[in-house]
Amino acid sequence: MPNLSNLKKYASHPVLLGTALLTATGLASRIIGFFYRIFLSHTIGAQGVGIYQLIFPVFALGIAFCGAGIQTAVSKYTAEAAGAGRCPQIYLYAGLLLSVSLSIFCTILIYTGSNQIADIVLDEPRCASLLRIIALSLPLAAIHSCINGYYYGLQKTFVPSVSQLLEQICRVLCVYLIYRICENQGRTVTAAMAVWGMVFGELAGALFSLTVVRFIKCKERLSPCLHQIFRFSVPLTTNRVLINLINSAEAILIPIRLKAFGYSNEDALSIFGILTGMAMPMILFPSVLTNSVSVMLLPSISQAKAQKNQTLIHRTIRRTIESCLVLGFASTLFFLLTSSLIGQYLFANTLAGVYVRTLSFICPFMFLSATLSSILHGLGHPSITLILNLSSCLLRIAVIWIFVPAYGIRAYLYSMLASQILSAFCAIFVLNRSKEL
């Protein structure tokens, strides 16, 4: 007979419960997204997926600037305020004020400069109209992000989980509806269909979050909390912005350097679309679990550090490493055995299967990097993760610029493996040196 007291203890553990709920809804979202990617690959083609993927670096840069670091700060200070018996909502208000203001600025910047960004930065004029559409989703994403950070800080994952699933469902339904309308009217289906889906998905997530969150009056002054959020989020935002700038350069350079290898513009975009729109989402599918763990680790580690519970920190880090390695090697084995079937039957593209097989080896190191970065944030070391992420990105940029024109896309795939190994082992080394491991 199982020990009922132990079962109750684990069932009431906020990290375990939160991780389980986030994993369940994240898995459902990934499954929906998985079939959605297949649908897109068949409706707009590899080149259309490539054009669609080209705008994501700009969108990710906007999200990084106006929301990513602030969400983490809201999560951290909400956890600390709740643990100290203070009003945690004050940090939500401070985060919303900062994030929404920055997102409106980013929306105006991208919308008005869409032609220049498409022509000069992305080297693809067809992206201009897509940029104007996706810019509209930034304020919605900022609202959604801050409210999620607030609930993560409280270690309550129901609202973020449901909003994530709702966002994905609305996105897919919207895209399918647009597709059916275009089909009935005999109009050409383009990548704009998928971008409008993103906007309506973010709208659904933001409206749901605003509906369920409790807005109450706090006795604390807003300005000190605003200062705390700003001070903590600056290095994180700098981290995300720099990383996304380099990731943007990485994504933009891949088609350009593939053309230097000898591909036409259409073939280069197709290969880029197969890699980023088919193979990578497949490889990232198991990371739904490690992403959920990462989200829950930050407030948990922050509270443990505030309570000076070094034993809990050590145990959490060791179990995280062990779990990530087990999941990572299992994922690698699965993708090695099924890559041909994935390419042939799911995406009707044999090249996608080749890329999945090559990328399968990054799984253990990618999962480790994500979770250990969250632990480092919880311990108050965002600058270390900045250095590690920059090093990994710069390695890939160097390979794209030097080796892709000579060896093609395979050189970039190997650089992804090398960069993830570098990031994972450096994070373990830092934790070991700081005696947290």
Side-chain angles (χ1 to χ4, degrees), residues 11-33 63 66-83 86-100 103 137-174 198-218 225 229 233 287-303 374 377-378:
S12 62
H13 197 291
V15 175
L16 294 178
L17 275 175
T19 298
L21 187 56
L22 282 173
T23 301
T25 53
L27 184 61
S29 296
R30 290 290 176 94
I31 292 171
I32 295 169
I63 290 292
C66 67
I70 295 172
Q71 177 186 357
T72 305
V74 169
S75 179
K76 175 181 171 61
Y77 287 114
T78 296
E80 292 181 0
R86 295 163 52 211
C87 178
Q89 281 92 341
I90 193 69
Y91 290 105
L92 171 61
Y93 305 152
L96 282 171
L97 181 60
L98 272 176
S99 190
V100 173
S103 68
S137 68
L138 286 175
L140 301 170
I143 295 169
H144 188 195
S145 174
C146 284
I147 296 175
N148 281 354
Y150 167 71
Y151 279 105
Y152 291 143
L154 296 176
Q155 299 190 43
K156 295 179 180 179
T157 56
F158 178 77
V159 171
S161 299
V162 173
S163 65
Q164 176 190 5
L165 189 57
L166 181 65
E167 178 188 335
Q168 184 74 299
I169 291 171
C170 288
R171 176 189 301 185
V172 174
L173 287 178
C174 175
M198 287 186 62
V199 174
F200 283 104
E202 289 291 353
L203 177 62
L207 288 177
F208 173 77
S209 300
L210 285 170
T211 302
V212 298
V213 72
R214 289 180 61 203
F215 291 102
I216 63 173
K217 188 175 181 180
C218 294
C225 300
I229 293 284
S233 66
S287 66
V288 61
L289 178 58
T290 54
N291 289 345
S292 302
V293 172
S294 297
V295 166
M296 298 307 299
L297 277 173
L298 191 145
S300 178
I301 292 290
S302 295
Q303 283 191 354
S374 184
H377 284 158

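For this chain, numbers begin at 1 and follow the sequence in order.
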| task | State, with a plain yes or no, whether a side-chain heavy atom of L96 is found less than 4.5 Å away from one of F215. | result | yes

| request: Under the side chain to side chain contact (heavy atoms under 4.5 Å, CB included) rule, collect the residues that match up with I147, sequence neighbours excluded. | output: L92, I143, Y151, S209, L210, V213

| note | Sorted by chain and residue number, the side chain to side chain contact (heavy atoms under 4.5 Å, CB included) partners of L165 (sequence neighbours excluded) come out as A28, S29, I32, I169

| field | E167 CD to E202 CD distance, which is reported to the nearest 0.5 Å | value | 4.0 Å

| request: Would you give the length of the straight line joining atom CG of L203 to atom CE of M198, rounded to the nearest 0.5 angstrom? | output: 13.0 Å

| message | How close do S103 and C66 get, counting heavy atoms only, and between which atoms? | response | N-CB, 3.5 Å

| said: What I'd like to find out is whether the side chain of T72 reaches to under 4.5 Å of the side chain of K76, using heavy atoms alone. | reply: no

| Where C170 and F200 come nearest, the two heavy atoms and their spacing | CB-O, 4.3 Å

| said: Within this structure, what is the OG-CD distance for the pair S163 and Q168, rounded to the nearest 0.5 Å? | reply: 12.0 Å

| So do Q71 and Y150 actually touch side chain to side chain, heavy atoms under 4.5 Å? | no

| task | Measure across V74 and G149 and return the closest heavy-atom pair with its distance rounded to 0.1 Å. | result | CG1-C, 3.9 Å

| message | To the nearest 0.5 Å, what is the distance between CD1 on I70 and CG on L98? | response | 5.0 Å

| note | To the nearest 0.5 Å, atom OH of Y91 lies from atom SG of C146 at 14.5 Å

| said: Using 0.5 Å steps for rounding, measure from the CD1 atom of I63 to the OG atom of S99. | reply: 8.0 Å

| message | Are there over 12 heavy-atom neighbours, none belonging to F208, within less than 6.0 Å of that residue's CZ? | response | yes

